[in-house]
Amino acid sequence: MAAPKRGRSASAQSKPGRSLALILIAIVALTGGMFLSGHTTPRLGIDLAGGTSITLKAKADQGSAINKANMDTAVDIMNRRVNGLGVSEAEVQTQGTDNIIVNIPKGTNSKEAQEQVGTTAKLYFRPVLASEPSGAAAQSPSPSASPSGGSSAKPSTSPSSSASSPQKASSGSSGSASPSATATSQGRAVSDALKADSTPSPSASASGSGKPSATPSASPSGGTNTDSKLQAQYAALDCSKATDRANAGKNAKPGESTVACGEIDKAWYKYLLGPAAVDGTEVKKAQAVFDTQGAAGWQVQMTFTGSGAKKFSDITGELAKNQPPQNEFGIVLDGEVVSSPYVSSAITGGQAEISGSFKQEEAQSLANMLSYGALPLSFQEQSVTTVTAALGGEQLHAGLLAGAIGLALVVIYLVVYYRGLSVVAMASLVVSAILTYVIMSLLGPAIGFALNLPAVCGAIVAIGITADSFIVYFERIRDEIREGRTLRPAVERAWPRARRTILVSDFVSFLAAAVLFIVTVGKVQGFAFTLGLTTLLDVVVVFLFTKPLMTLLARRTFFAGGHKWSGLDPKSLGAKPPLRRTRRPAGPVAGPVDPKEA
């Protein structure tokens, strides 16, 4: 029974090169992926790169539950706001179940973002006075409206029925014709719209939404200077440009006409809108439903409050009398038109539906915007951290300096106490550092991981955890040598005992990191994530690098012979005389036999 066991052990000892080759291939592959991705450095967090980090805590005081759907809706709306401020690389993401973290790098517009990001969004129903493609879309408009998923139809230059238009508002079933406007001069159309005397009143049910060219329509009152200013803004507006979209209708009051942008079928359109007819807070409920009895597919059904129902009825009655696009109303969220359905008749009863070949996700998204006015939950500001780029650089420098000092102290200790064995420990630390750096660089674009100051602290703590694993193994080898064994069998006999201790120690560290990551929010999670990652890498390095390397070095005379600078000198370790295998005599045992075997 003993012979096969020794054979397997010898086989395992003779092939440590496989493990070393495996980890080398992994390092080369990950490093190659890092360079191919173009992200050769870890992504820095707000506290190191500079910027503003805002932590918001959700409160269920608006009649809505704190759940994943509502949190995702809030994140989407906050993303619109932050991006609308013109900041680059801004992030909005959930933390835990009821927290949202807004990171705005380099302090750009941080004050304005702080004022807007957690406030209740502004949702209005405004009559459309004029609309047309903007930017690249203006050069090649679609020839006719046709059903498609989205919030509105493409432009049409010929009459088309409301049934074939992608979105239409109605109080029930309707299919009245909705002729398109004939081509007109943009300047004249806008001017006529602004100079019209009447102002439509709020109320309407939408369903398809056509995007005809701008034509005259009723519009709000206003002085000649205001009209000219709006006309100039509308003419100059290019919604294909992010800066124009961010500034379109900025600071517009509900009672004033304004300009806005909206995206339809991945093309941008610009709008001239009248005063707000219905406020988003007057939408009592909105939900996405699937029409199982008709061909409408997914629809958005709306229910208004008492005052909202009256306003909606009035505005739809007025809009239904107009030609496209003045029979449309724009659903404007935070200054952007998210849908512009047309109206074929007055909608009464406080209920309406929007249909138009929606996909399920599109219908649910629009329903969320309508139902919540915007944010489905209110948020309380928990913390605001603003760091300048200069201060972030200083913190990063201090963190790296602390790490270097810690690493230097560990190396000095290893050299003084373990001498030649310190080469194994330092090589293992280098491999662990390379893997940690490369993986952190790849995790930035992959999952949005950002290296913040607590994460750097976690990496520094990991130096001690990794060194501890080496020390456990080295001490087990020394114990075997003290028992009188030579180095090669000592390395193999020490490994099972050291392996159990290393796994238990790393499991405890990883469990602590996992618990900390789950129960905390914000930057503390960076510490927990880095600690957990480096703990896992410690197991990989010890199993695939440290142990195989130690097996190879045990064959070298410097270590196997117990050189005094190897750290494995039997004399300095106080080893017993070498153990020798005792053969069992063929006859009766004359005396006691030493049970120990090499």
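All figures in this text were calculated on a predicted structure; none of them were measured in a lab.
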So, taking the atom named OG1 in T40 and the one named CE in M34, what distance separates them when rounded to the nearest 0.5 Å?
6.0 Å

Kindly write out the residues that satisfy salt bridge (charged side-chain N to carboxylate O under 4.0 Å, His left out) with K68, not counting sequence neighbours, or none if the list is empty.
D72

Evaluate the criterion side chain to side chain contact (heavy atoms under 4.5 Å, CB included) for residue pair F329 and V278; output intermediate values, then yes/no.
CA-CA 10 Å; F329 62 82; V278 182; over 6 Å; no

T303: side-chain hydrogen bond (donor to acceptor under 3.5 Å, both in side chains) partners, not counting sequence neighbours:
none

Return the set of residues passing ring pair (Phe, Tyr, Trp, His ring centres under 6.0 Å) with Y124 (not counting sequence neighbours), or none when no residue passes.
none

For F290, look at atom CZ and say whether over 12 heavy atoms of other residues, nucleotides or ligands are found less than 6.0 Å away.
yes

Under the rule for side-chain hydrogen bond (donor to acceptor under 3.5 Å, both in side chains), what residues qualify as partners of S383, not counting sequence neighbours?
T55

side-chain hydrogen bond (donor to acceptor under 3.5 Å, both in side chains) against D279, all qualifying residues, sequence neighbours excluded:
T281

Would V337 and V128 satisfy side chain to side chain contact (heavy atoms under 4.5 Å, CB included), going step by step from the backbone distance to the final call?
CA-CA 10 Å; V337 177; V128 175; over 6 Å; no

Q233: what forms a side-chain hydrogen bond (donor to acceptor under 3.5 Å, both in side chains) with it, not counting sequence neighbours?
none

Give, for atom OH of Y269 and atom SG of C261, the distance between the pair rounded to the nearest 0.5 Å.
13.0 Å

Single hit among T258, L129, L273, V259 for side-chain contact (heavy atoms from CB on, under 4.5 Å) with Y234
V259

Could you grab the distance from atom CD1 of I101 to atom CD of Q525, nearest 0.5 Å is fine?
8.0 Å

